[in-house]
Amino acid sequence: MADVILVLNAGSSSIKFCAFDVNGPDGLALVTHGQAEGLFSSPRFIAFDAHGQKTGEHAWGDGEKLRHAEAIAHIADFLRSHGEGHRLVAVGHRVVHGGARFTQPVLATADVVAELDTLTPLAPLHQPHNLKPIRIVAERNPSMPQVACFDTAFHATQAPLAQAFALPESVTKMGVRRYGFHGLSYEYIASALPRIAPDAAAGRTVVAHLGNGASLCAMLDGKSVASTMGFTAVDGLMMGTRTGSLDPGVVLYLFDELGMNAREIEDLLYRRSGLLGVSGISGDMRALLAADDPRARFAIDLYVYRICRELGSMAAALHGLDAVVFTAGIGEHSAEIRRRVCDEARWWGIELDDAANERGGPRISTASSKVSAWVVLTNEELMIARHTLALTQGAST
Ligand code: ADP
């Protein structure tokens, strides 16, 4: 009987899952992964084995809706019917916000979940959806050990200066400070770098997590020193549909002059801006790269410009730059965006090896490049599984 850890990453309309055998040949080994998506519009379920072969697929009828509880029930049924000889021993969850208190993964007891719920105002679009599956699993199987892993936790090593806003103490004390996100991705990269790029692992390195959400993390010796995301995941870089950094005066202007309320401004900043808003075409980088349209070109130009401006800020926090690492959807797959960022940042001493960049690395800078550049595939789910195993080992036996 193989012991298996399930990792759940739940959003507002999708639940991604991965299952890992805890006794794989090199430790945790992926068994299956997939997702239930379009929960409240046109639900679909799809699953793959460790080799990427499709092993399950289901689509619900038009107009049918699936709540998170039903999606989890479907995932559980799939795992049972396809997991002969597997025994589920723990469930790990991605939770976007751990606040000031949770700077490490934690066993997700009912009390912990209740406390995490109080952080919902800090991440209203993510936190409630992240917590839902923990409650659903606890209801279905109260004795199942569950672990919450936080996107903020990796940044707990940042100095108070890097975490502070220039706000009065009374406001800061309410928890209004920089937290940083994408921490599970950065933690995984930090764990992989010593093997792939020892110098980058030990040096002053900026990791660019460029997915639908995007941020930079300045790492010194594998620890977070600064990051572009702050109080919420809308700060910093331009993203698929999010603005990134914005003069706060713009928000006041929208409020005062256009009479927009908080929810409307939230919708504008999180869902209607970024690549989508600027191009007016799409928030998907692939679509923009393929579009022969000046608005798409301008959106990509701005995307690259913002990365390079913030790269300077991260390097300043590090007092120099030894390496740049690209990861997540765009960072891993778009040779063109990597090339444009590296060309724009040539003055730092980054010299791109074009052929290596087209191949996808891992090293994409020339041997003589003063600053090295890399592509490293992130794996947030494996990071969650590692934490879940570490916190629950022995708990289920
Ligand atoms: P999420 O943040 O939702 O996990 P991903 O890390 O999967 O998202 O990144 C999604 C982004 O990656 C999208 O903008 C998508 O267009 C982009 N992307 C994926 N593959 C490519 C590619 N081959 N070229 C350019 N962009 C890509």
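Numbering starts at 1 and runs along the sequence shown. Heavy atoms only: backbone and side chains are in, while hydrogens, waters and symmetry mates are out. Atoms within each ligand, like the ligands themselves, are counted from 1 in listed order.
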Practice item. Please could you name the atoms of ligand 1 that Gly213 approaches to less than 4.0 Å, counting only its heavy atoms? Key: 2 (O)
Point to revise | Contact atoms of ligand 1, heavy-atom distance to Gly211 under 4.0 Å | key: 2 (O), 5 (P), 6 (O), 9 (O)
Return a yes/no value for [X]: is any of its N or O atoms, backbone included, closer than 3.5 angstrom to an N or O of ligand 1?
| X | answer |
| --- | --- |
| Ala328 | no |
| Asn212 | yes |
| Leu210 | no |

Point to revise | Cation over ring face, Arg306 and Tyr303, 6.0 Å, 45° | key: no
For [atom], what is the nearest protein heavy atom, given as residue, atom name and distance?
| atom | answer |
| --- | --- |
| atom 25 (C) of ligand 1 | Ser334 CB, 3.5 Å |
| atom 7 (O) of ligand 1 | Gly329 CA, 4.1 Å |
| atom 14 (O) of ligand 1 | Met285 N, 3.1 Å |
| atom 20 (N) of ligand 1 | His333 CB, 3.6 Å |
| atom 27 (C) of ligand 1 | Arg286 CG, 3.7 Å |
| atom 11 (C) of ligand 1 | Ile330 CG1, 3.8 Å |
| atom 16 (O) of ligand 1 | Asp284 OD1, 2.4 Å |
| atom 4 (O) of ligand 1 | Lys16 NZ, 4.1 Å |

Check your understanding: Given Arg338 and Ile364, is the side-chain contact (heavy atoms from CB on, under 4.5 Å) satisfied, shown in steps?
Key -> CA-CA 9 Å; Arg338 292 195 303 260; Ile364 58 170; 3.9 Å; yes
Indicate yes or no: does [X] engage [Y] in a salt bridge with an N to O separation below 4.0 Å.
| X | Y | answer |
| --- | --- | --- |
| Lys223 | Asp221 | no |
| Arg340 | Asp301 | yes |
| Asp353 | Arg363 | no |
| Arg346 | Glu351 | no |

Point to revise | His74 ring center within less than 6.0 Å of His58 ring center | key: yes
Review point. Is ligand 1 less than 4.0 angstrom away from at least one heavy atom of Gly240?
Key: no
Check your understanding: If you look at every heavy atom in Gln35 and Ser14, which pair is closest and at what distance?
Key -> OE1-CB, 4.4 Å
Study note, to complete from the structure: Any heavy atom of Leu289 under 4.0 Å from ligand 1? The part involved is side chain
**Study point:** Flag for Gln146-His93: side-chain donor and acceptor within less than 3.5 Å
**Key:** yes
Check your understanding: Can you check side chain to side chain donor-acceptor pair (under 3.5 Å) on His387 and Glu187, steps first, answer last?
Key -> CA-CA 11 Å; His387 285 308; Glu187 189 181 8; 3.0 Å; yes
